[in-house]
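Remember, predicted model here, so these are calculated numbers, not experimental data. Throughout, numbering of the chain's residues begins at 1 and tracks the sequence.
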Amino acid sequence: ILGILKEPPTSTSSPLETIASLLLAKVLKTRRTAAALLLTTKTSSAFVILFGLLNMVNMLISSAIVRKREFALLQAVGMTNQQLRKMLYREGMSISVLATFLGVTVGVLLCYLANKVLALKFILFEFNIFPILLFSILLVGLQICISYGVSRSIEKDTLVERLRTE
């Protein structure tokens, strides 16, 4: 049967052989299309994740640079470097936790909407906790590294130099 299905139909082929060949060609074309669609979806998701992470990095660094004088004022009235670090860690952690929570909530709702309400049955609704945990750990780890780097950068300048900058 496989030999029959692999050969293109000829004029001497039986109608059954011709139908089998056409069906196989259709199945192979559908599989190639599905594979291409899956690759496109994964690539698009990777870009969205990458740009989201870059946006978070940019936001944390920009926020710290803009508020450098505010941090200096807080330290002038008694805040220690350790308290400043804790404050930066907590801000970053709240951003990471909020982003994870909103991302999971919106993602689950959109998948449910596409699957049940819009009846797009080709979208499979599977809830897998592993990618969520992996991405959450990545967000928190990145946030800790950025907060540490920003706090070290702020601590390099003296208090007087930070108060003078505008």
Side-chain angles (χ1 to χ4, degrees), residues 27-166:
V27 166
L28 292 176
K29 184 178 179 185
T30 303
R31 283 187 182 172
R32 283 192 300 268
T33 304
L37 182 63
L38 185 62
L39 179 65
T40 303
T41 304
K42 286 183 178 182
T43 304
S44 299
S45 297
F47 278 121
V48 168
I49 289 169
L50 178 67
F51 287 125
L53 289 174
L54 289 175
N55 187 29
M56 186 185 86
V57 169
N58 183 35
M59 184 180 61
L60 287 171
I61 292 173
S62 297
S63 171
I65 290 171
V66 168
R67 296 174 22 198
K68 205 172 190 179
R69 186 165 186 202
E70 176 189 337
F71 297 150
L73 287 172
L74 288 171
Q75 286 187 313
V77 295
M79 180 181 249
T80 65
N81 285 337
Q82 184 179 5
Q83 290 172 328
L84 178 64
R85 265 187 247 117
K86 280 184 181 180
M87 184 179 79
L88 288 172
Y89 287 145
R90 288 181 182 148
E91 285 178 3
M93 191 66 69
S94 64
I95 291 169
S96 298
V97 169
L98 185 64
T100 301
F101 177 74
L102 285 176
V104 169
T105 304
V106 170
V108 167
L109 289 174
L110 286 177
C111 285
Y112 179 79
L113 177 73
N115 197 6
K116 300 292 183 190
V117 177
L118 297 177
L120 301 176
K121 297 301 179 188
F122 62 90
I123 298 176
L124 300 177
F125 182 70
E126 293 179 8
F127 190 79
N128 190 351
I129 196 74
F130 179 72
I132 296 169
L133 289 175
L134 185 67
F135 191 69
S136 299
I137 291 169
L138 176 70
L139 272 179
V140 169
L142 185 64
Q143 174 278 143
I144 288 171
C145 292
I146 292 168
S147 296
Y148 178 76
V150 166
S151 67
R152 297 296 289 179
S153 172
I154 290 172
E155 292 168 6
K156 284 182 183 177
D157 296 333
T158 64
L159 184 59
V160 176
E161 289 173 347
R162 285 185 277 150
L163 283 171
R164 286 185 184 160
T165 59
E166 293 203 25

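- Applying the salt bridge (Lys or Arg N to Asp or Glu O under 4.0 Å) test to residues at least two apart or on different chains, none of the pairs has a partner in residues 127-150.
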Let me have the donor-acceptor pairs involving side chains of residues 95-102, under 3.5 Å, with sequence neighbours excluded, atom names and distances please.
residue	atom	partner	partner atom	Å
Ser96	OG	Gly92	O	3.1
Thr100	OG1	Ser96	O	2.9

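- Residue pairs meeting the side-chain hydrogen bond (donor to acceptor under 3.5 Å, both in side chains) criterion with at least one partner in residues 127-152, sequence neighbours excluded, are Gln143-Ser147.
- With sequence neighbours left out, Asn55 forms a side chain to side chain contact (heavy atoms under 4.5 Å, CB included) with no residue at all.
- Applying the side chain to side chain contact (heavy atoms under 4.5 Å, CB included) criterion to Ile137, with sequence neighbours excluded, gives no partner residue.
- Each salt bridge (Lys or Arg N to Asp or Glu O under 4.0 Å) pair with one or both residues in residues 73-87, not counting sequence neighbours, appears once here: Arg85-Glu155.
- Here Leu139 contributes atom CG and Met93 contributes atom CE; the two are 10.5 Å apart, rounded to the nearest 0.5 Å.
- Every residue meeting the side chain to side chain contact (heavy atoms under 4.5 Å, CB included) condition with Thr40, not counting sequence neighbours, appears here in chain and number order: Ser44.
- The side chain to side chain contact (heavy atoms under 4.5 Å, CB included) test applied to Val160 returns Thr158, Arg164, not counting sequence neighbours.
- The two residues Asp157 and Arg162 come nearest to each other via the heavy atoms O-NE, 3.4 Å.
- Sorted by first then second residue, the salt bridge (Lys or Arg N to Asp or Glu O under 4.0 Å) pairs that include residues 89-100, not counting sequence neighbours, are Arg67-Glu91.
- Here Leu73 contributes atom CG and Lys68 contributes atom NZ; the two are 13.5 Å apart, rounded to the nearest 0.5 Å.
- The salt bridge (Lys or Arg N to Asp or Glu O under 4.0 Å) contacts involving residues 51-62 comprise nothing, where partners must be two or more places apart or lie in separate chains.
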